[in-house]
There are 2 protein chains.
Amino acid sequence: MASLAEENYLKLIYHLSGSGADEVSTNALAEQTQTRAASVTDMLRKLAEKNLVHYKKYQGVRLTAEGQEVALQVIRRHRLWEVFMVQKLGFRWDEVHPIAEELEHIASEELINRLDAFLDFPVSDPHGDPIPTAAGKMPSAEYEKLCEVTAGKQVTMMGVSEHAASFLQFLSKAGLIPGSVVSVLEINDFDRSMLLKINESGPSFVSYEVARNILIKFSV
Amino acid sequence: MASLAEENYLKLIYHLSGSGADEVSTNALAEQTQTRAASVTDMLRKLAEKNLVHYKKYQGVRLTAEGQEVALQVIRRHRLWEVFMVQKLGFRWDEVHPIAEELEHIASEELINRLDAFLDFPVSDPHGDPIPTAAGKMPSAEYEKLCEVTAGKQVTMMGVSEHAASFLQFLSKAGLIPGSVVSVLEINDFDRSMLLKINESGPSFVSYEVARNILIKFSV
DNA sequence: ATAAAAATTTAGACTCACCTAAATTTTTAT
DNA sequence: ATAAAAATTTAGGTGAGTCTAAATTTTTAT
């Protein structure tokens, strides 16, 4: 039903709206799609005609229930393919995003549900992002940011909120991947950088900018 | 480089030309692509400009070396994905073709080579069709047709030359899949139908039309 | 050899997803 | 409150890949 371009818009609106909560502006979409605002307007009118978004001129756009369903399907496919590539094909977590951007548009539900089973029904992708269920529900994964943890606490890394390959490569080098056990040894007041103990290795420094993009939960 | 539509034309020209040997007519392409001859002409001009085919007006079309390379890559991807779906995801051999038609256009070479390794470098797909190598060579698999075997001979089923789902389903029911050991018990002169022993089961009849589309090799 | 039939190409048009330039609406700053 | 700035939409246009109808070339049959 939805074309490749339409699927990409719906997915993007979902992400930019904070999981469908807020309105998204034409300009924000133009920036992310690497197109012009006028092109976005054209597409929004088309999506509105298909009842995939609520759109009023000059007022921004929100997903309809139907649009959100499509968006979540696309996100589900994307994240399952990422798990496949990392767990089965041996890709690194910083390599899989662009390939998943293509694979996510293969529509067969049978394929995706069998892939899901083959992967043992993973609940999150290699970056810790939750995988929408076959029924179209996004599991709520509410984690803290590492930058908010106080000195002396021990936490488990659960994911990232920044997906740039360079950031992910940096984290891998530091041994900071989902599942890593992290103790906050010290926090520097002047720049909020942190000294961490990661698993059983020696101490590492991370900047506030890095800590802000690492999602954690407190260890039990 | 080559768009989805272009890849489909190149793959089709490869198949219709008998692996690149003969010229293919505009009408043959129009029939198979479910488009009109005029549309095919447009596309052939474009492919010729890109040096993917040799094309002279009214004279039919042949792949260039470059075009054949692209065609073989697409066929390689298609067949590897079919192996994946059957061997890893548990699809039946009559279900995978349409999904592979989509997956074959995911271009990442890294993805395909890792998939190839994950599948243990298969040499043929679930229908017995050979898988082009990463280097772009089509392994020559020269088999006999079952209809040409004489009574009393034992052969091994190697593949099919007809891929319709209904045909494949019929074969599955009869236990005729690549690897099956088949003995020709009797051949009826009047309609050339055959009585077969398939693996260790009781005898089965197949029509000439079926036997003509089954590829075999003689058992050693 | 030539006329009819078949195959193919040309001409002109359509949709999709994008573009630029100009017009309009909303927001911001004074 | 209003003018300037920013955001957005409208108008008109593009290339990819398709279409129909008409023109042209090749093939077939007599």
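The structure presented is a predicted model; accordingly, all values stated were derived computationally and were not measured. Every chain is numbered from 1, with letters handed out A, B, ... down the list of sequences.
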- Item | Pi-cation contact, F118(A) with K88(A) (under 6.0 Å, within 45°) | yes

- For DNA chain D, produce a single dot-bracket line, 5' to 3'. Pairs: Watson-Crick or G-U wobble, both distances under 3.5 Å. Symbols: ( ) within strand, [ ] crossing, | other strand, . unpaired. ||||||||||||||||||||||||||||||

- Item | Euclidean distance, Y208(A) OH relative to K145(A) NZ, rounded to 0.5 Å | 6.5 Å

- Query: For L10(A), which of L47(A), V74(A), L72(A) qualifies under side-chain contact (heavy atoms from CB on, under 4.5 Å)?
  - Reply: L47(A)

- Item | Rounded distance in Å - CD (E23(A)) to C1' (dT26(C)) | 15 Å

- Message: When you measure from the side chain of R76(B) to the backbone of G136(B), do you find a donor-acceptor pair of N or O atoms at a distance under 3.5 Å?
- Response: no

- Message: Donor-acceptor check, side chain of R77(A) to backbone of I112(A), threshold 3.5 angstrom: yes or no?
- Response: no

- Query: Atom NZ of K50(A) to atom C1' of dC16(C): distance rounded to whole Å?
  - Reply: 10 Å

- Note on the structure: Here the gap from L176(B) atom CG to L146(B) atom CG, rounded to the nearest 0.5 Å, amounts to 7.5 Å

- Any chance the side chains of Q32(A) and H15(A) put a donor and an acceptor closer than 3.5 Å? no

- Message: What is the separation between atom CE on M43(A) and atom P on dC19(C), rounded to the nearest whole Å?
- Response: 11 Å

- N/O (side chain, R36(A)) to phosphate O (OP1/OP2, dC18(C)) under 4.0 Å: no

- Exercise: do S25(B) and N27(B) side chains pair donor with acceptor under 3.5 Å: no

- Separation of E49(B) atom CD from dG15(D) atom P, in whole Å? 13 Å

- Note on the structure: Scoring nucleotides 7-13 of chain D by protein non-hydrogen atoms under 4.0 Å (B base, S sugar-phosphate only, - none) yields SBBB---

